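Just follow the structure's listing: the first ligand is 1, and inside any ligand the first atom is 1. The first residue in the sequence is number 1, and the count goes up from there. From a predicted model like this one, the values you see are computed outputs, not experimental measurements.
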Amino acid sequence: MTQQYNFDFEEYEDISKLNEGDAALLLEARKITQKAYAPYSNFLVGAAAIFANGEKVFGTNQENASYPVGICAERVLLASASMIQTDEPILTMAISYNNLSRNGGSDRPISPCGMCRQSLAEYELRTNHPMRLVMSGMEGKVIVVQSASQLLPFSFSSNSMK
Ligand code: THU
């Protein structure tokens with residue numbers, strides 16, 4: 001029997017079409033791209049998230065001369081989140097990037113890598129709460145998904161080991 005996996009996502013022309021909270025978070029994600037350490041890829045990623053208690057947390061990608069050692073902005077953010085607010089749900093994470101090797105800027109929404117999807121899904125499971133993702137570049141289109149786990153169907157989790 002053929003089955004389907006479907007999910008709804010929202011697509012906006014630009015930041016001006018977002019609600020106030022999402023727009024503020026995306027602006028912070030765009031701004032913090034400046035703090036990325038990405039001398040090898042010149043692809044500066046910024047992430048900003050808001051906890052259920054209103055506190056915010058940020059992350060940027062941190063690269064290394066030994067390339068695989070580098071960490072994506074999303075996982076830097078989650079590691080920080082775990083330290084400052086253990087088990088507090090994250091309601092929304094905004095992600096943006098500045099592609100310096102293409103003269104800076106970016107107008108296509110970013111999408112988290114597979115390893116980050118796995119980490120995002122575990123954060124949702126651990127806090128028992130969906131995390132919305134607001135994905136964009138420095139300008140233009142914005143994609144919003146209601147739960148990070150939707151980007152990782154058939155995922156492996158602690159449940160898989162029970
Ligand atoms: N990167 C992120 O930080 N987040 C993403 O969602 C995609 C990729 C980083 C990893 C690496 O430092 C650079 O972007 C190029 O892949």
Side-chain angles (χ1 to χ4, degrees), residues 5 7-15 18 21-51 56-85 89-127 129-157:
Y5 171 77
F7 69 99
D8 293 334
F9 62 92
E10 299 148 43
E11 192 176 309
Y12 299 93
E13 200 180 313
D14 60 40
I15 193 170
L18 297 181
D22 286 353
L25 211 54
L26 177 54
L27 267 186
E28 289 181 287
R30 286 176 175 174
K31 178 145 191 260
I32 208 148
T33 57
Q34 292 167 14
K35 296 272 177 69
Y37 175 65
Y40 305 102
S41 69
N42 284 319
F43 192 83
L44 314 184
V45 185
I50 185 159
F51 288 109
K56 287 182 177 171
V57 59
F58 305 91
T60 59
N61 54 334
Q62 302 296 318
E63 296 186 347
N64 190 281
S66 173
Y67 293 2
V69 175
I71 315 176
C72 295
E74 295 90 327
R75 276 175 296 128
V76 168
L77 184 153
L78 290 180
S80 195
S82 259
M83 293 290 295
I84 62 177
Q85 285 290 351
I90 290 176
L91 301 185
T92 306
M93 182 189 297
I95 317 161
S96 185
Y97 68 103
N98 194 353
N99 193 350
L100 291 185
S101 55
R102 288 177 136 244
N103 301 320
S106 51
D107 56 8
R108 276 172 299 167
I110 194 165
S111 184
C113 79
M115 203 185 267
C116 287
R117 291 174 195 213
Q118 183 73 25
S119 282
L120 291 161
E122 179 128 353
Y123 197 90
E124 285 190 339
L125 267 183
R126 170 181 170 190
T127 57
H129 198 285
M131 189 192 309
R132 296 171 64 252
L133 296 182
V134 175
M135 302 174 285
S136 189
M138 298 305 277
E139 56 192 358
K141 195 159 94 176
V142 185
I143 303 275
V144 180
V145 299
Q146 293 305 322
S147 166
S149 309
Q150 292 175 322
L151 299 183
L152 195 64
F154 293 96
S155 59
F156 179 79
S157 73

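By the criterion of a heavy-atom distance under 4.0 Å, neither the backbone nor the side chain of T60 is placed next to ligand 1. Of all the heavy atoms of S41, the ones lying under 4.0 Å from any atom of ligand 1 belong exclusively to the side chain.
Within a 6.0 Å sphere centred on CD of E63, heavy atoms belonging to other residues, nucleotides or ligands number more than 12. Counted within 6.0 Å of OH on Y40, heavy atoms from surrounding residues, nucleotides or ligands total more than 12; the atom is thus considered enclosed. More than 12 non-hydrogen atoms from other residues, nucleotides or ligands lie less than 6.0 angstrom from CZ of R126.
Among all protein heavy atoms, the one lying closest to atom 3 (O) of ligand 1 is A73 N, 2.9 Å. Atom 9 (C) of ligand 1 has its closest protein heavy atom at N61 ND2, 3.5 Å. Looking only at protein heavy atoms, the nearest one to atom 12 (O) of ligand 1 is E63 OE2, 2.5 Å. From the protein, the heavy atom lying nearest to atom 10 (C) of ligand 1 is C72 SG, 3.8 Å. Annotation: atom 7 (C) of ligand 1 to nearest protein heavy atom, I110 CD1, 4.2 Å. Ranking the protein heavy atoms by distance from atom 16 (O) of ligand 1 puts F43 CD2, 4.7 Å first.
A distance of 4.0 Å separates CG of L100 from CG of L44, quoted to the nearest 0.5 Å. E74 contributes atom CD, which lies 12.0 Å from atom CE of M115 (distance to the nearest 0.5 angstrom). Atom OG in S96 sits 13.5 Å away from atom NZ in K31 (nearest 0.5 Å). I84 CD1 to F51 CZ: the interatomic distance, rounded to the nearest 0.5 Å, is 4.5 Å.
Contact analysis leaves G70 out of contact with ligand 1, as no non-hydrogen atom separation drops below 4.0 angstrom.
R30 and S106 share no side-chain donor-acceptor pair at under 3.5 Å.
For ligand 1, the atoms lying closer than 4.0 Å to a non-hydrogen atom of P112 are 6 (O). For ligand 1, the atoms lying closer than 4.0 Å to a non-hydrogen atom of E74 are 2 (C), 3 (O), 4 (N), 5 (C), 6 (O).
One option in T33, V45, I95, N42 has a heavy atom closer to atom 2 (C) of ligand 1 than any other, and that option is V45.
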